[in-house]
Participant: 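Here it is, the structure in full.
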Amino acid sequence: MAVNLRTRTGWYIAPNIFRALSEAAPDKVQANTGLPVAATIYGRDADGGTYSDMLFMGGGQGASSHGDGKSGLLWPTSAANTSIELFETRVPVLVLEKTYVIDSGGPGRHRGGLGQRVALRKLADDGLATFVAVYPEGVGPTNPGLFGGGPGRLGSRPGA
């Protein structure tokens, strides 16, 4: 457990280093990247077996002087997703939607990458609980863009 939160160090330090270096090296930095959200899906199936898997949803990469940011990126981290099809074979959940959110990247000369929208549905109405633990990062204050660019859109949940 001691290293479980190690990735957060990069998530929070890298953007601050880029911002600090932005005047001295504007062609070497990028605006802040939207932070990832991790969802852990776990429970018991009808046969009594347990299942557990993670689904990561990356935010949009900040733009740079070289161009637009990449969409749905897990950065800076070593995390990655398996395909939706493989995920659906490991947990009794159907991914209804995993799409980019239109106009969610920060506006500017170069646009920030787009965030993602994900919707899930449990497959069986079997009376058994399926738990989804969501670990959002950075859903509070917006991060300003660099060099006059605007912030990306904040994450939200349906109905919020």
Side-chain angles (χ1 to χ4, degrees), residues 5-42 53-123 130-160:
L5 300 176
R6 71 194 178 283
T7 54
R8 278 127 178 109
T9 302
W11 294 350
Y12 292 107
I13 289 178
N16 289 298
I17 291 172
F18 288 160
R19 186 164 296 286
L21 293 174
S22 64
E23 287 186 35
D27 61 328
K28 304 280 188 214
V29 299
Q30 68 178 51
N32 191 34
T33 295
L35 294 172
V37 174
T40 303
I41 293 86
Y42 60 98
D53 209 339
M54 294 195 76
L55 182 65
F56 291 102
M57 296 148 273
Q61 179 188 31
S64 71
S65 63
H66 303 285
D68 293 347
K70 292 179 175 48
S71 297
L73 185 71
L74 295 169
W75 186 91
T77 183
S78 59
N81 267 332
T82 57
S83 69
I84 293 299
E85 294 79 11
L86 183 59
F87 173 78
E88 290 175 335
T89 67
R90 299 193 298 205
V91 296
V93 168
L94 177 66
V95 178
L96 300 170
E97 176 183 20
K98 188 167 193 261
T99 57
Y100 292 133
V101 178
I102 303 294
D103 295 330
S104 59
R109 183 167 47 108
H110 296 292
R111 172 189 59 76
L114 303 178
Q116 298 179 61
R117 174 181 298 117
V118 177
L120 310 170
R121 179 175 60 82
K122 184 178 175 191
L123 287 176
T130 294
F131 299 95
V132 179
V134 179
Y135 304 97
E137 292 287 340
V139 295
T142 60
N143 294 299
L146 285 178
F147 313 118
R153 216 163 96 191
L154 285 175
S156 64
R157 60 179 173 78

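Just so it is clear, the values below take in all heavy atoms, side chains as well, and ignore hydrogens, waters and symmetry mates.
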Participant: Counting only N and O atoms by type, is there a donor-acceptor contact under 3.5 Å from the side chain of Ser64 to the main-chain atoms of Gln30?
Facilitator: no

Participant: Between Asp103 and Val101, is any pair of side-chain heavy atoms under 4.5 Å apart?
Facilitator: no

Participant: Kindly say whether His66 contributes a backbone atom to a donor-acceptor pair with the side chain of His110 at under 3.5 angstrom?
Facilitator: no

Participant: Taking everything shown except Glu97 itself, do over 12 heavy atoms lie less than 6.0 Å from its CD?
Facilitator: yes

Participant: Side chains of Val95 and Phe87: closer than 4.5 Å at any heavy-atom pair?
Facilitator: yes

Participant: Which of these passes side chain to side chain contact (heavy atoms under 4.5 Å, CB included) with Leu123: Val91, Leu94, Thr130?
Facilitator: Leu94

Participant: Look up atom CG in Asn32 and atom CG in Asn16, then write down how far apart they are to the nearest 0.5 Å.
Facilitator: 8.0 Å

Participant: Would you name the heavy atoms of Ser65 and Pro26 that are closest together and state the gap between them?
Facilitator: OG-O, 3.7 Å

Participant: Grab the two heavy atoms, one from Ser71 and one from Leu114, that are nearest each other, plus how far apart they are.
Facilitator: OG-N, 2.9 Å

Participant: Sub-3.5 Å donor-acceptor pair from the side chain of Gln61 to the main-chain atoms of Lys70, do we have one?
Facilitator: yes

Participant: Working to the nearest 0.5 Å, report the span between CG of Leu73 and OG1 of Thr33.
Facilitator: 6.5 Å

Participant: Would a 4.5 Å heavy-atom cut-off, applied to side chains only, mark Ile84 and Lys98 as touching?
Facilitator: yes

Participant: First locate atom CZ of Phe56, then atom OG1 of Thr40, and finally report the distance between them rounded to the nearest 0.5 Å.
Facilitator: 7.5 Å

Participant: Decide side-chain contact (heavy atoms from CB on, under 4.5 Å) for Leu146 and Arg19; before the verdict, give the C-alpha distance in whole Å, the side-chain angles of both, and the deciding distance to 0.1 Å.
Facilitator: CA-CA 8 Å; Leu146 285 178; Arg19 186 164 296 286; 3.2 Å; yes

Participant: Knowing that exactly one of Leu55, Thr99, Leu96 qualifies, which makes a side chain to side chain contact (heavy atoms under 4.5 Å, CB included) with Val118?
Facilitator: Leu55

Participant: Can a donor-acceptor pair be found, under 3.5 Å and without considering hydrogens, that links the side chain of Gln116 to the backbone of Gly58?
Facilitator: yes

Participant: Quick check: does any side chain N or O of Ser104 sit under 3.5 Å from a backbone N or O of Arg153, one acting as donor and the other as acceptor?
Facilitator: no

Participant: Nearest 0.5 Å, please: how far is CE in Met54 from OH in Tyr42?
Facilitator: 11.0 Å

Participant: Taking Asp68 for its side chain and Arg111 for its backbone only, find out whether a donor-acceptor pair lies under 3.5 Å.
Facilitator: yes

Participant: How many angstroms lie between atom CD1 of Ile41 and atom NZ of Lys122, to the nearest 0.5 angstrom?
Facilitator: 13.0 Å

